[in-house]
Amino acid sequence: MLVVAACGGAGDVAAPHETLPEGAVFVAVPGSYGTWWTEVEHCSGLTRPMSKVSWYYVPGAGFFSYGSISNLTGMWQPGRNAIILAEFARQDAMTVRHEELHAILRRTDHPSEYFVDKCGALVTH
């Protein structure tokens, strides 16, 4: 899977007034996400409170779009500290952990130190 299909982001600057992708629905955090969060904290060597993240999904059978970016399976929005997933990706550990790594790093880019070297076995690239 290409990175652009995994998530949307290319920098580490928070957008102050982010909107949610069209149709996004707030969701309670499944227990598996906490386990995956701990795994990502361990591989990254960093910790953040997962309780500060809001979780959403975009209903539908396929990818979702956000602004000019299409074919997204997930994204982390720094301004609202939210992870948004395509419905089909909600239980895909590699995709969820990828977005969790963004939230833990507090970055929207993909530094290879974390996404390849440290956590590459746990996240989509």
**OP:** Tell me, with the steps shown, if Met50 and Glu41 meet side-chain contact (heavy atoms from CB on, under 4.5 Å).
**Re:** CA-CA 10 Å; Met50 184 179 168; Glu41 285 181 323; over 6 Å; no
**OP:** Begin from the C-alpha positions of Thr73 and Leu85 and carry the test side-chain contact (heavy atoms from CB on, under 4.5 Å) through to its verdict.
**Re:** CA-CA 6 Å; Thr73 55; Leu85 300 163; over 6 Å; no
Original post:
Between Gln77 and Tyr66, is a side-chain hydrogen bond (donor to acceptor under 3.5 Å, both in side chains) present by the stated rule, with each step listed?
Top reply: CA-CA 11 Å; Gln77 290 185 330; Tyr66 183 71; 3.3 Å; yes
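Counting only residues at least two apart or in different chains, disulfide (SG to SG under 2.5 Å) contacts with residues 52-109 are absent. Among pairs with a residue in residues 55-67, none fulfils salt bridge (Lys or Arg N to Asp or Glu O under 4.0 Å), at least two apart in sequence or across chains. Residue pairs that meet the disulfide (SG to SG under 2.5 Å) test with at least one member in residues 92-125, sequence neighbours left out, are Cys43-Cys119.
What you find for Val96 and Arg90 is that their closest heavy atoms are CG2-O, 3.6 Å. The two residues Leu20 and Ala24 come nearest to each other via the heavy atoms CB-CB, 4.0 Å. Between Ser65 and Leu72, the closest heavy-atom pair is C-CD1, 4.4 Å. Between Pro21 and Met75, the shortest heavy-atom contact is CG-SD, 4.0 Å. Listed here is the closest heavy atom pair of His110 and His98: NE2-NE2, 3.2 Å. Summarising the geometry of Gln91 relative to Pro30, their closest heavy-atom pair is NE2-CG, 4.0 Å, with the distance given to 0.1 Å.
Rounding to the nearest 0.5 angstrom, the gap separating the CG atom in Leu101 from the CD1 atom in Ile83 is 10.0 Å. Here OG of Ser44 is found 13.0 Å from CG of Asp117. Values are rounded to the nearest 0.5 Å. Note that OG1 of Thr38 is 8.5 Å distant from CD of Glu100, once rounded to the nearest 0.5 Å.
For Trp37, the ring-ring contact (aromatic ring centres under 6.0 Å, His included) criterion is met by no residue, not counting sequence neighbours. Every residue two or more places apart in sequence or in another chain that forms a side-chain contact (heavy atoms from CB on, under 4.5 Å) with Pro111 is listed here: Leu105, Arg107, Asp109, Tyr114, Phe115. Looking at residues two or more places apart in sequence or on another chain, you find a side-chain hydrogen bond (donor to acceptor under 3.5 Å, both in side chains) between Glu113 and Lys118. For Glu39, the salt bridge (charged side-chain N to carboxylate O under 4.0 Å, His left out) criterion is met by Arg97, not counting sequence neighbours.
The same ILVMFWY cluster, assembled from side-chain heavy atoms under 4.5 Å apart, contains both Tyr33 and Leu46. Tracing side-chain contacts under 4.5 Å through hydrophobic residues (I, L, V, M, F, W, Y), one never reaches Phe88 starting from Met94; they form parts of separate clusters. Leu122 and Val116 are not part of a single hydrophobic cluster, where members link through side-chain heavy atoms under 4.5 Å apart.
Counting only distance, with no hydrogens or angles, the side chain of His125 and the backbone of Gly120 share a donor-acceptor pair below 3.5 Å.
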In residues 52-64, what donor-acceptor pairs under 3.5 Å come from side-chain atoms, sequence neighbours left out?
none

